[in-house]
Protein chains: 2
Amino acid sequence: MRLVVATCSVEYAGRLSAHLPSAVRLIMLKADGSVSVHSDDRAYKPLNWMTPPCTMTESDRTWTFANSKGETLTITLDEVHLDATQALGSEPGLRKDGVEAHLQELLAADPTTLEDGMRLVKREYPTDIGPVDLLCRDADGRAVAVEIKRRGEIDGVEQLCRYLERLDLDGRLRPVRGIFAAQLVKPQARVLATARGIRCVEVDYDELKGLRADELTLF
Amino acid sequence: MRLVVATCSVEYAGRLSAHLPSAVRLIMLKADGSVSVHSDDRAYKPLNWMTPPCTMTESDRTWTFANSKGETLTITLDEVHLDATQALGSEPGLRKDGVEAHLQELLAADPTTLEDGMRLVKREYPTDIGPVDLLCRDADGRAVAVEIKRRGEIDGVEQLCRYLERLDLDGRLRPVRGIFAAQLVKPQARVLATARGIRCVEVDYDELKGLRADELTLF
DNA sequence: ACGTTGAGATTGCCG
DNA sequence: CGGCAATGTCAACGT
């Protein structure tokens, strides 16, 4: 990565045209071939940029970046205040533990959020077509399979149905009903679920986090 | 702006949780109070960031950024390779000549989109109160002034009226009529324009681009 | 390759 | 202040 702080003006001509009058800015040249121009505001957003692949041509005090679509970014350097090149090496990768996993954790910790009297039997309860998010017993002791999604769409309902079909083969569980839990249940998914006798529960993630936090503070 | 290149690991806990194992990265601290962590790829996008307002607490080798929503970004510095602070001063501002300029270009290239038989006389035709976007001649050879906006609102109609007033003073052009072209003409603007004998034309930007592309492929 | 969809989206506008 | 739409949206995923 090369970091250049310079007094510069910038032109972008592409899907739109943009002009930046001369001022001191950071020019970030990454190993991936991209360039971005940052001011001291706008948080993480650059004023202008060019994504790879683009070719850089350097002539006198002007850097021009062009891509195959004919878009160009032209930086005219008036004065360079810093020019540092640093080898960063490869990025080991960003691990995102998304909302779905966290939702499962929270609902497993307190299944009564789904329904009064609900008790957890097991998280990731295995079937021969994959694990069910939660297996519970309701207030009457009947088995309930819970599928958890961040966004509840048709696919998720189908998935839950397949699990229910498998679980129903187990005499110790039968009859098993289903609950489809999501932060947001799409109308189409709700229709399908209801038609198949599956209850939909919309869970408020922030509220759930709040509840857990409250409970934790009690102890 | 402060630029730190360091071997570091990063944790983000907020709307989602994310973890970055130790590696060499750029940490950009802006004067606006924001922080962003960049790898040598992903073009202009940071791996993690925190937008202002957020408070930074520094303890030993750990920087923690927190905002009022309880989101936190934690950076643990293992080794610092570069630490440069640069005063950038204020950003004079980005000028975007977006869709409006492009619309003008496209309509100038083919004024028949506005009206059958229309021919371009000049783009940015000067008057003593500013340039008219397009000056044309219609099928009957009469002068037509065109004002182009992305969103057609009352101001734009007023602007066009002022131009018409000036142009009508020119014996070689008189009488000049007006066309108000926009991607979207607001009802109030349409009422005013119609009342003043100005025709409104809504132009489909994508269609226009498509047409031009089609025409270009013919040659 | 192309279309669809989500994003820690952000940003500006309108009601 | 809250909802809606545009963004040089970008990026991931499925067909």
Side-chain angles (χ1 to χ4, degrees), chain A residues 10-20 32 34-37 41-54 65-74 91 93-103 149-156 158-159 182-184 186 188-189 205-206 209, chain B residues 10-20 32 34-37 39 41-52 54 65-74 93-103 149-155 182-184 186-189 204-206 209:
Chain A
V10 183
E11 287 290 337
Y12 167 73
R15 304 209 200 160
L16 55 72
S17 15
H19 172 73
L20 291 173
D32 65 0
S34 67
V35 57
S36 48
V37 180
D41 55 7
R42 289 162 196 257
Y44 65 89
K45 290 201 160 179
L47 293 161
N48 282 110
W49 71 94
M50 189 71 92
T51 48
C54 70
F65 303 84
N67 67 12
S68 57
K69 283 176 285 188
E71 300 176 357
T72 59
L73 183 73
T74 308
E91 175 57 42
L94 174 69
R95 206 192 67 206
K96 282 186 183 178
D97 299 327
V99 176
E100 184 177 331
H102 203 188
L103 272 180
K149 291 285 178 209
R150 201 167 55 78
R151 298 174 69 88
E153 304 192 25
I154 287 210
D155 300 1
E158 296 284 15
Q159 193 182 345
Q183 273 188 294
L184 173 80
K186 293 272 185 115
Q188 292 185 340
Y205 183 53
D206 293 329
K209 276 196 298 188
Chain B
V10 185
E11 286 290 336
Y12 166 74
R15 304 208 201 163
L16 55 73
S17 18
H19 172 72
L20 290 173
D32 65 0
S34 67
V35 57
S36 48
V37 180
S39 60
D41 55 6
R42 288 162 195 258
Y44 64 89
K45 292 196 166 179
L47 293 161
N48 282 111
W49 72 95
M50 190 71 91
T51 48
C54 69
F65 303 83
N67 67 13
S68 56
K69 282 176 286 187
E71 300 175 356
T72 58
L73 183 72
T74 308
L94 174 69
R95 206 192 65 206
K96 278 189 186 179
D97 300 326
V99 177
E100 182 177 330
H102 202 189
L103 272 180
K149 292 284 178 210
R150 195 168 60 81
R151 297 172 65 88
E153 304 190 27
I154 285 207
D155 300 1
Q183 274 188 292
L184 175 78
K186 292 278 182 119
Q188 292 186 341
D204 186 313
Y205 183 53
D206 292 327
K209 276 196 297 189

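Every value quoted in this text rests on a predicted model; they were computed, and no experiment measured them. Note on naming: letters A, B, ... go to the chains in the order of the sequence lines (proteins, then strands), and numbering restarts at 1 for each one.
- Judged purely by atom type and a 3.5 angstrom limit, Asp41(A) has no side-chain atom pairing as donor or acceptor with the backbone of Asp32(B).
- Rounding to whole angstrom units, CZ of residue Arg150(A) and C1' of dG8(C) are separated by 10 Å.
- Look at Arg151(A) and you won't find any side-chain N or O under 4.0 angstrom from OP1 or OP2 of dT5(C).
- The C1' atoms of dA6(D) and dA7(C) are separated by 15 Å, rounded to the nearest whole Å.
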Which nucleotides of nucleotides 9-15 of chain D have their base under 4.0 Å from a protein heavy atom (B), which only their sugar-phosphate (S), and which neither (-), written as one string 5' to 3'?
-> SSS----
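- Residue-level contact check: Lys69(A) touches neither bases nor backbone, having no heavy atom under 4.0 Å from any strand.
- The distance between atom CD of Gln183(A) and atom C1' of dG8(C), rounded to the nearest whole Å, is 12 Å.
- Set against dG6(C), dG8(D), dG8(C), the side chain of Glu71(A) has dG8(D) as its closest nucleotide.
- One C1' atom belongs to dT7(D), the other to dG6(C), and the distance between them is 15 Å to the nearest Å.
- Between Leu184(A) atom CG and dA7(C) atom P there is a gap of 11 Å when expressed in whole angstrom units.
- Using a 4.5 Å heavy-atom cutoff, the side chains of Thr72(A) and Glu11(A) are not in contact.
- A heavy-atom distance below 4.5 Å is not found between the side chains of Lys186(A) and Ile154(A).
- Atom pair Ile154(A):CD1 and dT5(C):P shows a separation of 12 Å (rounding to whole Å applied).
- When the options Val35(A), Val10(A), Thr74(A) are evaluated for a side chain to side chain contact (heavy atoms under 4.5 Å, CB included) with Asn48(A), the one that passes is Val10(A).
- Judged as a salt bridge (Lys or Arg N to Asp or Glu O under 4.0 Å), and not counting sequence neighbours, Arg42(B) has no contacts.
- Shown here are the salt bridge (Lys or Arg N to Asp or Glu O under 4.0 Å) partners of Glu158(A), two or more places apart in sequence or in another chain: Arg196(A).
- Between dG6(C), dG8(C), dG8(D), one nucleotide has an atom nearer to the side chain of Leu16(B) than all others, and that is dG8(C).
- Following rounding to the nearest Å, Leu20(B) (CG) and dG8(C) (C1') show an atom-to-atom distance of 13 Å.
- The shortest distance between side-chain heavy atoms of Lys149(A) and Gln183(A) does not fall below 4.5 Å.
- Computed from coordinates, the His19(B) NE2 to dG8(C) P distance equals 18 Å when rounded to whole Å.
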